[in-house]
Amino acid sequence: MKLLASLNSNRSVSLSSFSSSSSSLVSVLSTVLDAGHARPASPSSGSSGAREHLLSLIKSCAHESHLRQIHARILRTRSLEEPIISLRFLSRAAFSPAGHVTYAARFFSQIRKPSLAEFNTMIRAYSRSDSPEEGLYLYREMRRLGERTDPLTSSFCIKSCTKMESLTGGRQIHGRIVRDGHQSDNLLLTALMDFYSVCYKGEEACAVFDEMPERDTVAWNVLISCYLRNRRTRDVLAVFDAMIGGECGCQPDDVTCLHVLQACTSLNVLEFGGKVHEYIEERGYGDAVKLRNSLITMYSRCGSMDKAFMVFKGMRVKNVVSWSALISGLAMNGKGREAIEAYLAMLRANVVPDDQTFTGVLSACSHSGLVDEGMLFFEGMSKDFKRTPNVHHYGCMVDLLGRAGLLDQAYELIMSMSSKPDSMIWRTLLGACRIHRHVALGERVLWHLTELKAQEAGDYVLLLNIYSSVGDWEKVTEVRKFMKETGIQTTPGCTTITLNGIVHEFTVDDVLHLRQNEIYTMLDEIGSQLKIAGYVPEISSELHNLSYEEKGYRLSYHSEKLAIAFGVLATPPGTTIRLANNLRICVDCHNFAKVLSSVYDRMVIIRDRSRLHHFQGGHCSCNDYW
DNA sequence: ATAGGGTTAG
């Protein structure tokens with residue numbers, strides 16, 4: 001950190017570049033500036049005119065070459081000690097579209113005695129750059145020099161810590177804030193909250209929130225984003241209700257809506273999402289592209305593709321995100337052909353696809369079994385669009401090839417990846433091995449997962465499923481024994497169903513719900529009804545068979561079944577049952593929902609990790625994969 | 001004195 005040490009004047013750098021890069025705006029303004037500066041009469045007005053010109057010159061510059069030219073101009077015509085000029089320059093340098101932090105730093109180092117404002121601007125620039133730690137160094141330098149700091153200085157430092165996810169650094173700044181007596185500054189506390197939230201310290205974030213003297217919309221927004229990040233999605237809906245109910249002393253704004261829509265998406269609550277949509281229209285946020293895009297995602301991921309499309313159609317300006325949201329929405333809903341149509345329409349509209357567009361297109365192909373098309377797009381993305389495939393793209397391709405039974409090809413693709421394959425990719429292939437009962441490859445994949453030290457209970461269950469599907473019961477017992485001995489923890493499956501804005505959460509063999517007796521009675525009844533209709537429980541593939549043995553339950557239920565039973569119980573006949581599940585729905589629950597949809601004449605929509613399952617009249621939208 | 005702060009779509 002030698003920013004303050006040097007007081008050099010490297011004018012030559014700036015001057016030499018002046019002639020080489022030409023910019024009409026800059027040269028015109030420079031001419032005016034020189035003329036104004038040179039005018040002998042009334043020096044005060046002339047110089048203030050020149051100053052205005054210089055300021056507007058700074059304001060209009062976006063490229064580093066412009067900055068250099070202006071830098072030279074500043075050095076030639078005025079002193080660096082005129083703070084407004086240097087401040088504006090610093091801000092511009094740091095926040096121009098290109099974000100020239102290094103340039104700002106060089107300029108900063110030439111200021112002999114930076115003011116508090118100049119320090120702050122420089123720290124702010126660092127906090128948003130790729131080297132936020134430099135901001136903290138500068139802050140320490142300030143304290144070493146005995147410079148005064150204000151809440152702004154701290155808030156930029158907090159921002160740096162947030163970006164670095166440095167818990168200890170942030171805690172230190174927090175301590176300083178308290179010592180400096182700045183703990184009643186609302187904006188500073190909001191930044192601090194966000195910091196704790198990003199570091200997954202939800203409780204500490206909430207503690208800061210509780211201590212805030214007053215809370216504005218942004219503070220509530222940060223609380224909501226904290227809930228989202230820390231898996232308290234259900235509380236997000238409650239906060240939104242409280243806000244529109246006037247209990248928070250402030251109204252939701254566009255950012256609130258973005259957050260709440262995200263919550264609706266992950267909980268699969270179409271109804272609440274619609275409510276947010278209405279609110280958006282009421283508040284006149286109709287033209288906000290981010291909100292529209294978020295609505296497209298919410299509607300499509302809640303299984304309401306027609307509404308998603310209506311929002312899309314109604315947009316005056318559509319960007320890549322809008323198109324990608326539509327494409328991956330169609331993909332999730334099993335409408336692969338239409339997703340490809342949308343992609344082609346996007347190209348016709350001269351919108352350039354990016355990485356996430358390709359993820360959507362490729363997942364559309366894999367969800368709909370369009371092998372040739374998928375291969376074509378995969379090759380095309382590097383050839384025609386110069387994009388290197390990332391892990392997501394490879395993941396889609398492995399899924400596509402694997403489901404189609406081209407297991408060896410999928411394996412080769414993984415081995416050909418330039419980057420190291422992650423556990424997700426191997427897991428995808430393992431899933432395909434289960435579908436196609438490929439024992440040898442399944443074992444090899446599990447070996448790769450063990451290599452990565454990333455094997456989870458679910459992986460062993462998949463392997464177990466492969467063995468049981470070929471009738472190798474010895475191996476099944478062996479794997480079970482291994483799992484039991486090593487005490488591998490299973491990720492608890494969790495299903496939510498939301499009724500009237502209240503989120504009901506179920507886990508395997510849940511005994512926590514108020515209406516548990518009713519639910520279990522209902523499950524028994526549903527079970528016997530479905531049996532008549534030809535439903536056969538597929539216990540061999542079930543993870544909960546373990547708990548069946550261990551806990552001695554007569555029957556063990558996945559959270560999906562519990563939530564479905566509750567849905568049948570708590571909603572009038574004919575109502576669509578919407579669930580969200582954190583894992584991947586199993587074959588048995590899938591069959592269960594399928595038969596139930598026809599016997600009880602209910603539409604059931606389940607969203608799991610990767611896709612949306614529409615069950616209706618005994619069929620599922622992704623029927624062919626089970 | 002001058003400028004400057006927190007949350008944000010696929």
Side-chain angles (χ1 to χ4, degrees), chain A residues 51 55 58-59 81-92 94-95 114-125 127-128 150-160 162 182 185-198 205 208-209 212 215-229 250 252-262 265 280 285 288-301 308 311-312 315 318-332 342 346 351 353-361 363 392:
Chain A
R51 195 171 107 149
L55 287 175
I58 292 170
K59 205 174 165 189
E81 303 310 316
E82 189 175 0
I84 185 158
I85 299 278
S86 71
L87 257 182
R88 287 274 178 88
F89 185 85
L90 269 179
S91 305
R92 198 66 212 171
F95 304 118
S115 65
L116 174 59
E118 285 161 338
F119 268 117
N120 281 352
T121 307
M122 196 58 231
I123 295 179
R124 177 175 181 234
S127 75
R128 304 167 126 226
D150 66 359
L152 277 154
T153 327
S154 321
S155 90
F156 298 140
C157 291
I158 285 292
K159 189 85 190 147
S160 282
T162 308
H182 293 153
D185 186 305
N186 246 10
L187 267 70
L188 176 51
L189 290 180
T190 314
L192 196 58
M193 252 181 92
D194 188 50
F195 160 75
Y196 282 122
S197 155
V198 166
V208 175
F209 182 79
M212 286 173 78
R215 305 168 187 102
D216 61 3
T217 303
V218 183
W220 284 101
N221 289 348
V222 176
L223 182 73
I224 290 177
S225 83
C226 176
Y227 284 160
L228 281 174
R229 211 185 318 261
C250 56
D253 64 2
D254 50 342
V255 179
T256 320
C257 294
L258 283 174
H259 285 137
V260 180
L261 283 175
Q262 214 174 300
T265 306
I280 289 170
Y285 293 144
V289 180
K290 282 188 187 180
L291 277 173
R292 297 278 121 185
N293 292 343
S294 191
L295 280 171
I296 294 173
T297 306
M298 185 276 293
Y299 278 128
S300 62
R301 295 193 59 174
V311 173
F312 178 82
M315 287 176 76
K318 306 176 179 74
N319 59 16
V320 217
V321 182
S322 330
W323 284 97
S324 307
L326 182 73
I327 292 168
S328 43
L330 288 164
M332 259 214 132
M346 170 183 165
V351 179
D354 66 8
D355 280 356
Q356 294 198 58
T357 319
F358 285 115
T359 307
V361 174
S363 84
H392 302 288

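Numbers restart at 1 for each chain; the letters A, B, ... are given by sequence-line order, proteins then strands.
Relative to the side chain of A:L152, the nucleotides B:dT7, B:dG5, B:dG10 differ in distance, and B:dG5 lies closest. The side chain of A:D216 sits closest to B:dG6 out of B:dG6, B:dT8, B:dG10. You'll find that the side chain of A:T357 is closest to B:dG10, out of B:dG6, B:dG5, B:dG10. Minimum atom distance to the side chain of A:T297 is reached by B:dG10, of the listed B:dT7, B:dG10, B:dA9. In this structure, the nucleotide among B:dG10, B:dT8, B:dT7 sitting nearest to the side chain of A:K290 is B:dT8. Set against B:dA9, B:dG6, B:dG4, the side chain of A:N120 has B:dG4 as its closest nucleotide.
Residues meeting the side-chain hydrogen bond (donor to acceptor under 3.5 Å, both in side chains) test with A:N293, sequence neighbours left out: A:N319, A:S322. For A:S363, the side chain to side chain contact (heavy atoms under 4.5 Å, CB included) partners are A:A331, A:C396, not counting sequence neighbours. By the side-chain hydrogen bond (donor to acceptor under 3.5 Å, both in side chains) test, A:D150 is found to be paired with A:N120, A:T153, residues two or more places apart in sequence or in another chain being considered. Partners of A:R301 according to the salt bridge (Lys or Arg N to Asp or Glu O under 4.0 Å) rule, which considers only residues two or more places apart in sequence or in another chain, do not exist here.
If you check distances only, the side chain of A:D150 does reach the base of B:dG4 with a donor-acceptor pair under 3.5 Å. Counting distance only, with no hydrogens placed and no angle test, the side-chain atoms of A:N186 and the base atoms of B:dG6 include no donor-acceptor pair under 3.5 Å.
Across all strands shown, A:D354 has heavy atoms under 4.0 Å from base atoms, whether or not it also approaches the sugar-phosphate. Across all strands shown, A:D194 has heavy atoms under 4.0 Å from sugar-phosphate atoms exclusively, and none from any base. Using a 4.0 Å heavy-atom distance criterion, A:L188 is classed as a base contact. A:A219 comes within contact range of at least one nucleobase, with a heavy-atom separation under 4.0 Å. Among the heavy atoms of the strands lying under 4.0 Å from A:V218 is at least one base atom, whether or not backbone atoms are also near.
Distance check, rounded to the nearest 0.5 Å: CG of A:L330 to CZ of A:F312 gives 9.5 Å.
A side-chain donor-acceptor contact under 3.5 Å links A:S324 to the backbone of A:V320.
A straight line from CZ of A:R215 to C1' of B:dG6 spans 15 Å, rounded to a whole angstrom. Spacing between atom CD1 of A:I123 and atom P of B:dG5 amounts to 14 Å, rounded to whole angstrom units. Regarding A:L291, its CG atom lies at a distance of 13 Å from the C1' atom of B:dT7, rounded to whole Å.
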Watson-Crick or G-U pairs under 3.5 Å in DNA chain B, rendered as dot-bracket with [ ] for crossing pairs and | for another strand: ..........

Show every donor-acceptor pair shorter than 3.5 Å between a side-chain atom in residues 219-228 of chain A and any protein atom, with sequence neighbours excluded, or say none if there are none.
| from | atom 1 | to | atom 2 | distance (Å) |
| --- | --- | --- | --- | --- |
| A:N221 | OD1 | A:T256 | OG1 | 2.6 |
| A:N221 | ND2 | A:D253 | OD1 | 3.1 |
| A:S225 | OG | A:V222 | O | 3.1 |

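A close approach under 4.0 Å does occur between a side-chain nitrogen or oxygen of A:R124 and OP1 or OP2 of B:dG5. The shortest distance between the side-chain N/O atoms of A:K159 and the OP1/OP2 oxygens of B:dG4 is not below 4.0 Å.
With 3.5 Å as the limit, one finds a donor-acceptor pair spanning the side chains of A:S115 and A:E118.
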